[in-house]
Asks: 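Sharing a structure with you now.
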Amino acid sequence: MTATLPPSGSSAFELLHPKVQRWIWQQDWPELRAAQEAAAAPVLAGETDVLVAAATASGKTEAAFLPICSALTADPPQTGGFAAIYISPLKALINDQYGRLDELCEHLDIPVARWHGDVGAGAKSKLVDRPRGILLITPESLEAMFVLRGWKMHDLVGALRYVVIDEMHSFMGTERGAQLQSLMHRLDLAARRRVPRVGLSATLGDMRAAADFLRPGSGDKVAVIVSNADGQELQLQIRGYVDIQPSLPTLDGSGDKEAEPQTGEEDSGDRFAIADHLFTTLRGSHNLIFANSRAAVEEYTDLLSRRCDQAGVPSEFVPHHGNLSKDIREHAESRLKDRARPVTAVCTSTLEMGIDIGSVSSIAQVGAPPGVAALRQRLGRSGRRGGPAILRVYISEPELSATLHPAEELRAQLVQTIATIELLLQRWYEPPHGKALHLSTLVQQTLSLIAQHGGITPNDAYRALCAQGPFRLVDAATFAALLRDLGKATLIRQETDGLLLHGDAGEKLVNHYTFYAAFAAPTEYRIVNGGRTLGSLPIEQSLPEGALLIFAGRRWRVLAIDTRAKVVEVARASGGRPPRFIGAGPEVHDRIRTEMRRIYQESAIPIYLDATAQHLLEQGRAAYRRFGLRSNPTVGYGNDTLLFPFCGDVIMTTIALALHTRGVSVARQGLALTLSGISPQTTADLLGELSEADLPTATDLARLIPDKRIDKYDEVIGEELLALSFAARRLDVPGARNVITRLTEQTTLARFA
DNA sequence: GACCTGCTGCGGATTG
């Protein structure tokens, strides 16, 4: 074997155990990757927490496990219990890592075990009887372990030396992330020690926030390793399209019966043009097409499959989204791994994360990307080592007409896309929301602690979860109020000695397996064809018998619906339309809207726009000038006024509520707030009043929202706490004040113009 | 809120 000499002169390599060195040698690696080099010493020392941020496929997992395995080999555990726990957001990722890790650990006599929902109960009880080595687990399975085997936790994790978090960025700012932080803290409590944590993450804008997520309260002591070795070349293009079809009603219009079977003769319009370009450009190589919704995935897979049929070539386009069954998704994944036969997957964010599918030739994005960080992740999938990453974005805007809404004349989709790309080039990414209280997850964790210990005092619960745990933004009074709400809902009750126990409802909740997940999921119907499950659709979907449907990239007719078993039986058909998955859009960050304003006011045309996109941008800028938005944010529209504040969605909601307190009915539509029956002059006066008076508090504004239940256990939380929670996460009064001041200045000066 | 993610233990049938 002609092995290139491994990492000689590499100080990290010298630190590793000889057996690990031998394994690296056998891998034939030319050198250790930057992240692996930098992480070795601090992980080996085992004294600090370590955060490794690097691009996908940069050897992050090895950066953690080469030194961890070295430490475990050099100093083998003397007692039972897991030596390291690796927590991953995906079962598929655990299975991937298990294959890779097991191979390394075989040489080292370190047992590796996986534990998630697809692992049998027998294997689990064996592990509990003989806990050893490295455990790969999901947050939900770890939660189940605390609930069902609380009394054994010290035996299981008493000897724990490391906790590893994979894809840490995917947890940050979410309920599941708050659960993960709580679980990590409860591991420390069960081990009765501070167990070193290793976080593996994509590169983020604010590494300090990430470090603080990994070790709440002590983020400054985390060793942060950022591998910025992504000098990768980016080739990108935004392609503009004009939608000449009259825009169809998308939200309402449940009159599905008139769904006309598409004959294929009306192949015109923007979607067809986009499909044509995708077909001719991507066929013959491996690619990913990110459509922004499951409905769009279905529609484009269908359009592209028909192109293949018409051309008499085998279908090269496969769908991939969260409602498709496991075997359909795994089929797409294995086709992607098979380099011999070209395939392009049309997908939602399902293929953003680190499941091993190999790298693809190019990325297509249909519609505005949902954010800068998401676009960065998607790009990471493209480009073999050393090769450029290729991105094509397809943006469609409606044809200009007399009836077009001003917001559409501004070509907001296109401008938002340009803003997102400009920020990506500046390496800015959306930070996670740090101010959420995560009360829903605090409910879950309180109930879980009671299960683990067979009861707990309010003081101990507060100390474990809030004072020293991750729910630091919750003060004692708020926690007490939460406990009272839980008592009212009979989730908990209190013994005379003060001990908290489960109440009747709590007992039921905790003893059902759905308790372990911190996030809510809608009930869904299973879609079945001849005994084979194709996937599922949310229950809100009303599908009358005989309705036509496009699903899993094919056309179907609904034969029968079993409402009790929640099953929809379908047969192949020739017509159909994609299912509607209802909803609004992702939250747009303030920085993106600020960037959009800059783009409107500039005249430079980015070089990555094609001719149509350039033309659309000019139209958008012309509309911006015509409305005079540079100096006046209001536009009269019939009896209404449109207000364009150019700020993030959180601030827009806050301004809308503040206007609401003045008796104005306000609606939010993308870039604009619509003030019904109010003139631009009155709007200017209202803004002036708001800027002079004190704005209501965020909590007062939140009280105006009739239904604030969003997260899984919000149902049992009382109005007051829901208002507090909504205010913390979804409103920004100081931000709104700044924007209102700016808007007032503009409208005041505009009057003299 | 576009999108995404996850969970138990047992009964019963099948196979070696």
Side-chain angles (χ1 to χ4, degrees), chain A residues 87-94 115-125 128 137-149 166-167 169-177 179-180 183 250-251 290-297 320-324 326 329 346-355 365-371 373-375 377-378 413 416 430 433 436 441 444 448 451 509-522 524 536 538 580-589 648-650 652-653 668 670 705 707-712 714 726 729-730:
Chain A
I87 307 176
S88 153
L90 298 177
K91 290 189 288 191
L93 210 52
I94 287 181
W115 183 316
H116 56 60
D118 299 342
V119 174
K124 287 175 188 164
S125 50
V128 171
I137 195 166
T138 58
E140 288 74 17
S141 283
L142 189 53
E143 187 76 63
M145 199 186 273
F146 274 109
V147 169
L148 299 172
R149 310 175 205 257
D166 204 356
E167 305 277 0
H169 57 275
S170 74
F171 289 108
M172 292 172 61
T174 68
E175 292 305 310
R176 205 179 183 203
Q179 177 188 30
L180 173 68
L183 291 169
T250 46
L251 286 177
F290 287 96
N292 283 344
S293 68
R294 292 167 290 197
V297 166
H320 196 285
H321 63 69
N323 282 72
L324 293 173
K326 197 178 164 185
R329 289 161 68 167
V346 189
C347 59
T348 56
S349 57
T350 38
L351 290 179
E352 247 172 48
M353 261 196 285
I355 303 168
Q365 164 72 44
V366 183
L375 183 59
Q377 282 286 107
R378 292 172 183 195
Q413 278 236 29
Q416 186 179 321
E430 290 88 356
H433 300 276
T441 303
Q444 182 209 34
S448 177
L509 202 63
V510 177
N511 287 327
H512 196 266
Y513 65 89
T514 50
F515 172 73
Y516 310 123
F519 53 86
E524 293 181 333
S536 62
R580 276 194 306 272
F581 300 83
I582 354 126
E587 188 178 284
V588 178
H589 190 276
D649 282 336
V650 168
M652 274 181 92
T653 306
R668 229 193 64 197
I705 305 219
D707 186 358
K708 292 176 278 292
R709 291 169 300 173
I710 295 163
D711 295 312
K712 189 172 180 188
D714 281 354
F726 190 98
R729 163 66 182 81
R730 280 157 220 282

Asks: Closest approach to the side chain of A:Leu90, judged atom by atom: which nucleotide of B:dC7, B:dG1, B:dG6 is it?
Replies: B:dG6
Asks: Pick the closest DNA chain B nucleotide for A:Asn292 and for A:Ala520 by heavy atoms, then say which residue is nearer the 5' end.
Replies: A:Asn292
Asks: Tell me: CZ of A:Phe171 to C1' of B:dC3, nearest whole Å?
Replies: 16 Å
Asks: With the side chain of A:Ala144 defined as its heavy atoms from C-beta on, choose the nearest nucleotide among B:dC3, B:dT8, B:dG6.
Replies: B:dT8
Asks: Looking only at the side chain of A:Asn323 (C-beta and beyond, no hydrogens), which of the listed nucleotides B:dC4, B:dT5, B:dG1 gets closest?
Replies: B:dC4
Asks: Testing A:Thr138, A:Ile94, A:Val128 one by one against A:Trp115 for a side-chain contact (heavy atoms from CB on, under 4.5 Å), which residue passes?
Replies: A:Val128
Asks: Between A:Thr348 and B:dC4, is there a side-chain N or O to OP1/OP2 distance below 4.0 Å?
Replies: yes
Asks: Would you tell me if any nitrogen or oxygen in the side chain of A:Arg329 comes within less than 4.0 Å of OP1 or OP2 on B:dT5?
Replies: yes
Asks: Counting side-chain heavy atoms from CB outward, which of B:dT5, B:dG1, B:dT8 is closest to A:Ser141?
Replies: B:dT8
Asks: Identify which nucleotide among B:dG9, B:dT8, B:dG6 has an atom closest to any side-chain atom of A:Trp115, counting heavy atoms from C-beta outward.
Replies: B:dT8
Asks: Output the single nucleotide from B:dG9, B:dG6, B:dC4 whose closest atom is nearest the side chain of A:Leu148.
Replies: B:dG9
Asks: Do we see A:Tyr513 stacking on the base of B:dC7, given a limit of 5.5 Å between centres and 30° between planes?
Replies: no
Asks: Does the side chain of A:Cys347 reach to within under 4.5 Å of the side chain of A:His321, using non-hydrogen atoms?
Replies: no
Asks: Within less than 4.0 Å of OP1 or OP2 of B:dC7, is there a side-chain N or O belonging to A:Thr138?
Replies: yes
Asks: Using a heavy-atom cut-off of under 4.0 Å over every strand shown, decide if A:Arg709 touches base, sugar-phosphate, or nothing.
Replies: nothing
Asks: Considering only B:dC7, B:dA2, B:dT8, which nucleotide approaches the side chain of A:Lys91 most closely?
Replies: B:dC7
Asks: Between A:Arg294 and B:dC4, is there a contact of a side-chain N or O with OP1 or OP2 at under 4.0 Å?
Replies: yes
Asks: Please tell me if A:Lys124 has a side-chain N or O lying less than 4.0 Å from either OP1 or OP2 of B:dT8.
Replies: yes
Asks: Kindly confirm whether the side-chain ring of A:Phe515 is stacked on the base of B:dC7, judged by centres under 5.5 Å and planes under 30°.
Replies: no
Asks: Between A:Ser448 and A:Glu143, does any side-chain donor sit less than 3.5 Å from a side-chain acceptor?
Replies: yes
Asks: Reckon A:His512 touches a base, only the sugar-phosphate, or nothing at all at heavy-atom distances under 4.0 Å?
Replies: nothing
Asks: Report yes or no: is there a donor-acceptor pair, N or O only, under 3.5 Å between the side chain of A:Arg730 and the base of B:dG1?
Replies: yes
